[in-house]
Amino acid sequence: MGSGLGDYPLRHLPIEILHDLIARAQDVNPQSPLDEIKLWLATKPPFAAWFIRGESITLNVGDSRIPVTAFRIPQGDVGVLVFFANAVGAAADYASVTFELDRDGAAIPGFASIIGPLTLSAQEPWRVMEPLTAGARVQVVATNTGTSQIQNVQAFLAGWYWTPQSHPGPAAVGG
């Protein structure tokens with residue numbers, strides 16, 4: 001696989017995306033919050049709010065699983081983590097920093113032990129599309145495996161969240 005990508009989540013394969021879109025078009029009245037997340041996984045609901053978090057930290061020698069940035073879905077809401085990016089100040093430092101994208105303290109499949117950037121620029125983040133239930137905490141943690149302090153370790157998270165209710169599906173609102 002590519003630099004630091006680990007296993008590639010199946011949900012990113014085009015046939016899976018097509019399958020999800022067809023399933024969502026047929027089910028416009030979700031029965032549970034998880035069903036509602038699935039309904040709006042690929043399209044931001046017009047009634048949803050964005051969350052955008054980006055932070056920069058310094059990692060000391062031996063630092064392990066230090067949170068770089070995080071966001072918690074408010075109780076009673078659901079959401080989707082849409083974008084993730086990681087970076088360090090100097091390209092030579094990538095070999096000494098391991099990133100992990102977590103949901104509630106456990107690595108999201110495909111996003112554990114990331115060494116190196118996921119994209120060429122933190123301004124062009126990786127599209128994740130990870131469903132988040134009420135109270136879920138999504139975070140980026142970093143570990144310094146090197147022998148010197150590493151400055152300007154960066155992470156970026158963005159997505160949307162909303163209060164589940166009976167909304168019209170994407171096709172009904174022009175999505």
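- When side chains are defined from C-beta on, Leu81 does not count as touching Tyr161, because their heavy atoms never get closer than 4.5 Å.
- One finds no salt bridge joining Asp102 and Arg137 here, because no Lys/Arg side-chain nitrogen approaches an Asp/Glu carboxylate oxygen to under 4.0 Å.
- Atom CD in Gln149 sits 10.5 Å away from atom CG in Asp93 (nearest 0.5 Å).
- Residues Val82 and Met129 have side chains in contact (heavy-atom distance under 4.5 Å, counting atoms from C-beta outward).
- When side chains are defined from C-beta on, Val88 counts as touching Phe99, because their heavy atoms get closer than 4.5 Å.
- Side chains of Leu132 and Phe51 form a contact here, defined as non-hydrogen atoms less than 4.5 Å apart.
- Within the 4.5 Å cutoff, side-chain heavy atoms of Leu101 are placed close to those of Val138.
- Expressed to the nearest 0.5 Å, how far OG1 of Thr133 lies from CG of Asp77 amounts to 11.5 Å.
- Going from atom CD1 of Ile37 over to atom CD of Glu130 covers 10.0 Å, rounded to the nearest 0.5 Å.
- Among all heavy-atom pairs drawn from Glu100 and Ser113, the shortest one is OE1-N, 4.3 Å.
- Counting heavy atoms from C-beta outward, Leu157 and Val140 have side chains that approach closer than 4.5 Å.
- Across Ala95 and Thr145, no two heavy atoms sit closer than the pair O-OG1, 3.9 Å.
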Going through the distances and angles, do Phe83 and Arg127 end up as a side chain to side chain contact (heavy atoms under 4.5 Å, CB included)? CA-CA 5 Å; Phe83 296 113; Arg127 195 163 171 91; 3.8 Å; yes
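- Checked by atom type, the side-chain pair Asn152/Gln154 shows a donor-acceptor distance below 3.5 Å.
- The shortest heavy-atom contact between Val97 and Ala142 is CG1-CB, 4.1 Å.
- Within the 3.5 Å criterion, the main-chain N or O of Asn60 finds a donor-acceptor partner in the side chain of Asn144.
- Among Trp160, Trp162, Phe71, the single residue meeting the ring pair (Phe, Tyr, Trp, His ring centres under 6.0 Å) criterion with Trp50 is Trp160.
- Counting only distance, with no hydrogens or angles, the side chain of Thr69 and the backbone of Phe156 share no donor-acceptor pair below 3.5 Å.
- The side-chain heavy atoms of Ile66 and Ile57, taken from C-beta on, include a pair separated by under 4.5 Å.
- For Phe47 and Trp40, the ring centers are positioned less than 6.0 Å apart.
- Residues Ala134 and Gly76 share a closest heavy-atom pair of CB-N, 3.7 Å.
- Interatomic distance, Tyr94 OH to Ile115 CD1, rounded to the nearest 0.5 Å: 12.5 Å.
- Remark: Thr143 OG1 to Asp63 CG distance equals 8.5 Å, nearest 0.5 Å.
- The minimum heavy-atom distance linking Val78 with Pro164 is given by the pair CG1-CG, 3.9 Å.
- Between the CD atom of Gln139 and the CD1 atom of Ile108 there is a distance of 10.0 Å, given to the nearest 0.5 Å.
- Side-chain contact between Ile150 and Ser96 is present, with at least one heavy-atom pair separated by less than 4.5 Å.
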Under the criterion side chain to side chain contact (heavy atoms under 4.5 Å, CB included), I'd like the reasoning laid out for Phe111 against Asn86: C-alpha separation, chi angles, the key distance, then a yes or no. CA-CA 11 Å; Phe111 295 97; Asn86 63 317; over 6 Å; no
